[in-house]
Amino acid sequence: MLTDMQDFFRELAATSPHWNFIWLYDPVQMDRVLGGLWMTIKLSLACLVFSVVIGVVGAWAQEAKSRLLRSAVQGYVQFFRNTPPLIQLLFFYFALGQFTPSYSPDGWLEVPIISNVGWAIIALSFFTGAFNIEIFRAGIEAVPHSTREAAESLGMTRLQAYTNVVLPLTLRISLPALSANLINLVKTTNQAYAIAVPELLYQSVSIWNDFPSAQNPTMLLMMVCYLGLVGLLSLGMGQWERKLRIPGYGV
C-alpha cells in the first residue's frame with residue numbers, strides 16, 4: 001500500500017512538473033519535513049509555557065507596592081509590544097548572543113551556551129509574555145474588589161490571595177483573549193527561520209531550494225500543518241474555557 005502510494009507520487013512528479021510531492025516518496029525529504037514539524041511543535045510548546053508564566057508573574061508585579069517594580073514591568077511591556085517580533089529575535093540572537101559565553105565539547109569547536117533555538121524561545125516568549133501581562137492585568141481588574149477583601153479578611157497574604165482566589169478567577173475571565181494570543185504565537189514561531197532554527201518553514205524552504213518543482217506542494221503542506229496546529233490549540237482552549245466557566249465571570 002505504501003509502495004503503491006509512493007509510486008503514484010513519483011509518476012505524478014514526472015507528469016506534472018509543478019506538483020512534486022517529493023517528501024511523500026523520498027525518505028530523506030520526509031525526515032526533513034517531520035523534523036521541521038516536530039521542531040515547530042516543541043518551539044510552540046516551550047514558548048506557550050514560558051509566555052504564560054511571564055504573564056502571570058508580570059500581572060502580579062504590576063500591582064506591587066514598589067513603584068520601581070511597576071515601572072520596570074510597564075517598560076518591559078511597552079518595549080516588547082511596540083517593536084516587531086522579528087527585530088526582537090534578531091536583536092537577541094545577534095546583539096545579545098555575542099556576549100553569551102561558549103564552551104568546547106570536543107576541545108576544538110566553540111559552541112555558545114544558548115543556541116539559536118534557545119534564543120528563539122527567549123525572544124518569542126518575551127514578546128508574547130508582554131501581551132499576556134496585559135491580558136491577565138485586565139482579568140485581575142475584572143475580579144470584584146470585594147472578593148479580594150474577603151480573601152484578605154480570612155487572613156490570606158497578598159500572594160496567597162492572588163494565587164488561590166484572584167488568579168483562578170482571572171484565568172477564567174482572560175481565557176478568550178489568552179487563547180487568541182497563544183494562537184498568534186504558534187503562527188509567529190515561523191519567524192525563527194530568520195536565525196536558522198530548523199523548524200517547518202526552514203525545512204520547507206530548504207526542500208524547494210533543492211527541488212524547485214516541490215515548491216507548490218510544500219507550501220500546501222505548510223498551510224495544512226499550521227491549520228492543524230492552530231486548530232488543535234483553538235479546540236483545546238475552547239474546551240478548557242467551557243469547563244472552567246463560572247456564571248458571572250467571563251463571557
Side-chain angles (χ1 to χ4, degrees), residues 39-101 112-143 159 162-163 166-167 170-202 226 229-230 233-234 237 241:
M39 176 58 71
T40 295
I41 293 173
K42 291 191 294 184
L43 190 62
S44 299
L45 290 175
C47 293
L48 286 173
V49 172
F50 288 125
S51 67
V52 170
V53 171
I54 291 172
V56 171
V57 175
W60 177 78
Q62 279 194 324
E63 292 197 335
K65 295 181 180 180
S66 172
R67 184 176 180 180
L68 179 61
L69 180 58
R70 295 198 307 270
S71 299
V73 174
Q74 190 59 32
Y76 156 76
V77 170
Q78 293 302 322
F79 175 81
F80 281 93
R81 287 182 63 189
N82 295 302
T83 51
L86 180 58
I87 302 301
Q88 296 171 17
L89 183 64
L90 295 176
F91 172 77
F92 272 94
Y93 183 66
F94 290 107
L96 299 184
Q98 65 178 326
F99 297 109
T100 56
I113 291 179
I114 304 178
S115 65
N116 56 347
V117 177
W119 282 120
I121 293 174
I122 292 171
L124 295 175
S125 296
F126 275 125
F127 170 72
T128 309
F131 289 89
N132 287 345
I133 288 176
E134 291 297 284
I135 290 172
F136 284 120
R137 180 189 60 81
I140 291 173
E141 292 179 352
V143 176
L159 180 59
Y162 178 74
T163 56
V166 177
L167 184 58
T170 298
L171 182 61
R172 289 164 168 84
I173 298 169
S174 305
L175 268 179
L178 181 65
S179 175
N181 195 39
L182 296 183
I183 287 173
N184 187 60
L185 168 62
V186 173
K187 295 183 291 184
T188 308
T189 54
N190 61 17
Q191 296 193 10
Y193 162 80
I195 58 173
V197 174
E199 43 77 55
L200 184 60
L201 176 60
Y202 181 90
Y226 276 105
L229 292 175
V230 169
L233 179 59
S234 179
M237 294 294 289
E241 180 183 347

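Only this structure's heavy atoms are used, side chains among them; waters, hydrogens and symmetry mates stay out.
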Side chain to side chain donor-acceptor pair (under 3.5 Å) involving Ser51 - partner list, sequence neighbours excluded: Asn132

Under 3.5 Å: donor-acceptor pair, side chain of Thr100, backbone of Gly97: yes

From Cys47 atom SG to Ile121 atom CD1, the distance as rounded to the nearest 0.5 Å: 5.5 Å

Backbone of Val230 reached by a side-chain donor or acceptor of Ser234 within 3.5 Å: no

Smallest separation among heavy atoms of Val197 and Ala120, with atom names: CG2-CB, 4.0 Å

4.5 Å side-chain heavy-atom contact, Thr189 and Glu199: no

Contact check, side chains of Thr188 and Asn184, non-hydrogen atoms, under 4.5 Å: yes

Sub-4.5 Å side-chain heavy-atom contact between Tyr162 and Val56: yes

Minimum heavy-atom distance between Ile173 and Ala142, given as atom pair plus value: CD1-CB, 3.8 Å

ring-ring contact (aromatic ring centres under 6.0 Å, His included) involving Phe131 - partner list, sequence neighbours excluded: Phe127

Between CD1 on residue Ile135 and CG on residue Leu175, distance to nearest 0.5 Å: 10.0 Å

Contact check, side chains of Phe50 and Ile122, non-hydrogen atoms, under 4.5 Å: no

Any side-chain heavy-atom pair of Arg137 and Val77 under 4.5 Å: no

Glu134 bridged to Arg81 by N-O distance under 4.0 Å: yes

Distance (rounded to the nearest 0.5 Å) between Asn190 CG and Leu43 CG: 10.0 Å

For Gly55 against Phe136, the heavy-atom pair lying closest together: C-CD1, 3.5 Å

Backbone N/O of Arg70 and side chain of Gln62: donor-acceptor pair under 3.5 Å: no

Ser44 side chain vs Thr40 backbone, donor-acceptor pair below 3.5 Å: yes

Flag if over 12 foreign heavy atoms under 6.0 Å of OH, Tyr193: no

Tyr76, OH: over 12 other non-hydrogen atoms inside 6.0 angstrom: yes

Polar side-chain atom of Gln88 near backbone of Thr83 as donor-acceptor pair, under 3.5 Å: yes

For Phe126, the option from Phe91, Phe79, Phe80 that meets ring pair (Phe, Tyr, Trp, His ring centres under 6.0 Å): Phe80

Criterion side-chain contact (heavy atoms from CB on, under 4.5 Å) on Thr163 and Trp60, from CA distance to verdict: CA-CA 9 Å; Thr163 56; Trp60 177 78; over 6 Å; no

Steps toward side-chain contact (heavy atoms from CB on, under 4.5 Å) verdict (Leu45, Ile41): CA-CA 6 Å; Leu45 290 175; Ile41 293 173; 4.0 Å; yes

Atom pair CD1/CG of Ile183 and Leu233 - distance to nearest 0.5 Å: 5.0 Å

Residue pair Gln191 / Pro85, side-chain heavy-atom distance below 4.5 Å: yes

Side chains of Phe92 and Ile195 in contact at under 4.5 Å (non-hydrogen atoms): no

All pairs passing side-chain hydrogen bond (donor to acceptor under 3.5 Å, both in side chains) where residues 113-125 contributes a residue, at least two apart: none

Minimum heavy-atom distance between Pro198 and Met39, given as atom pair plus value: O-CB, 3.5 Å

